[in-house]
Amino acid sequence: MELEGNVLGIRQASRLHLVGARIVDPATQLDTVADLMIENGVIRRIGSTEGGPGEERINLAGKLITPGWFDLHVHFREPGKEVAETIASGSLAALNGGFTGVAVMPNTNPPLDHAGIVSWVKNQATPFPIDLQVIAAVSKGRQGKELVEMAELCEHGVQAFSDDGSPVASSWLLRHALEYANMLGAVICEHAEDRDLAANGVIHEGAVATKLGLPGIPSVAETLGVLRALLLAEYTGARIHLCHVSTAGAIEWVRWAKNRGIRVTAEVTPHHLLLTDEACATFDTSTKTNPPLREETDRQACLEALADGTMDVIATDHAPHPFEDKASEFEQAPFGIIGLETALGLCLTHLCPRYLSLQKLLEKVVAMPRQVLGLPPVRIAEGEKANLTMIDPDAKWTVAPEKFLSMSRNTPFAGWELKGRAIGTISHDRYWIRDS
Ligand SMILES: [Zn+2]
């Protein structure tokens, strides 16, 4: 597959000389202004470096270099809904947003539930300098009845399983999935929701839902789903990862579980950290997501949980939908918000340093997402493969969905003024840098 016109200008350089950036890596306790010399994709030297013949030299004075960001929760719609996103367009959107790695969810059509299709998906991403990990389905066909061939999938590089889009259908199946995952050293990523309680809700159950006359999804639907997952993780001794936690109630139980020694990690999305159900008041379907945007008390609880470490990961739940699908009544529109191209700017503008330091932020977008998947850490050190995100922390820009490399536009952040933007990435011995 071609790089489709290569809109980002992805290229290779045998010697890349990055000059004058602030380099920050919590893993190596690095926070310094220095040059980076990269040769054939490997960091050769950090410090003052001499230029040499045949090198690409990039002046990054005033810019920031961090280890490559990783989004633990994205939906690329291929196979099945290539009009919303393909593996190619999703990969380009990720790179454009500063991510050098993503984990794709398996709720495609057909679902990613066997080794052949997982290999096919990973293959589609090989033209791009991105680490694409597949989270395979827990149940065959995502039907909630029978476990996938977990051992065989693990042999093909899968380290996580999820029926995301839905919770694992039965507690019986979740228990067995946890037991097998535990034996295999894998993790279950649970979309925690009690489906009976959520019923036909389309928005958070509360005052806004009442005012708009829309059926609500009560917070307790998430709390129950989280509690089921936590108790089964404790019972089986297995590791569980909770997707997109959004409620104050669920967060209390995650905190309880961590104190109790249950092996749990949890993620929160930028939209649950920055928006409430008030954003739905205009019936804008790009605010319709599951779990829904909650109330201010929930949002505050998410921020607090992010700051105190109860939330381990920031993930976008990038969920593209074509305009035609979202251009319907609020009740009929599909759930989902895209996030790959806004997350970095939103985090730097609204979360850092107000709620967490840059170092803490990097733990949640660099180290922890990879740790949840059991991937080796990405570090900025001499001799390591270069896997970097380049950021202009002072760049002021307006979110303009029509400029996204994602094929979809369903973001509630259109028109937001942000400060801080990804200007390039380096990984897999290739790089791109934004023309400024
Ligand atoms: Zn989900």
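Just follow the structure's listing: the first ligand is 1, and inside any ligand the first atom is 1.
Checking Asp164 against the Zn ion (ligand 1), an N/O/S atom falls under the 2.8 Å cut-off. Backbone or side-chain N, O or S atoms of His73 do not reach the Zn ion (ligand 1) at under 2.8 Å. Under 2.8 Å from the Zn ion (ligand 1) lies no N/O/S atom of Cys243, from backbone or side chain alike.
The Zn ion (ligand 1) lies closest to atom ND1 when only the N/O/S atoms of His191 are considered.
Ser89 and Glu85 share a side-chain donor-acceptor pair at under 3.5 Å. Looking only at atom types and distance, the side chain of Thr265 has a donor-acceptor partner in the side chain of His241 under 3.5 Å away.
Just one residue in the list His271, His191, His272, His75 forms a ring pair (Phe, Tyr, Trp, His ring centres under 6.0 Å) with His244, and that residue is His191.
In this structure the side chain of Ser427 never reaches within 4.5 angstrom of the side chain of Phe99, judged on heavy atoms.
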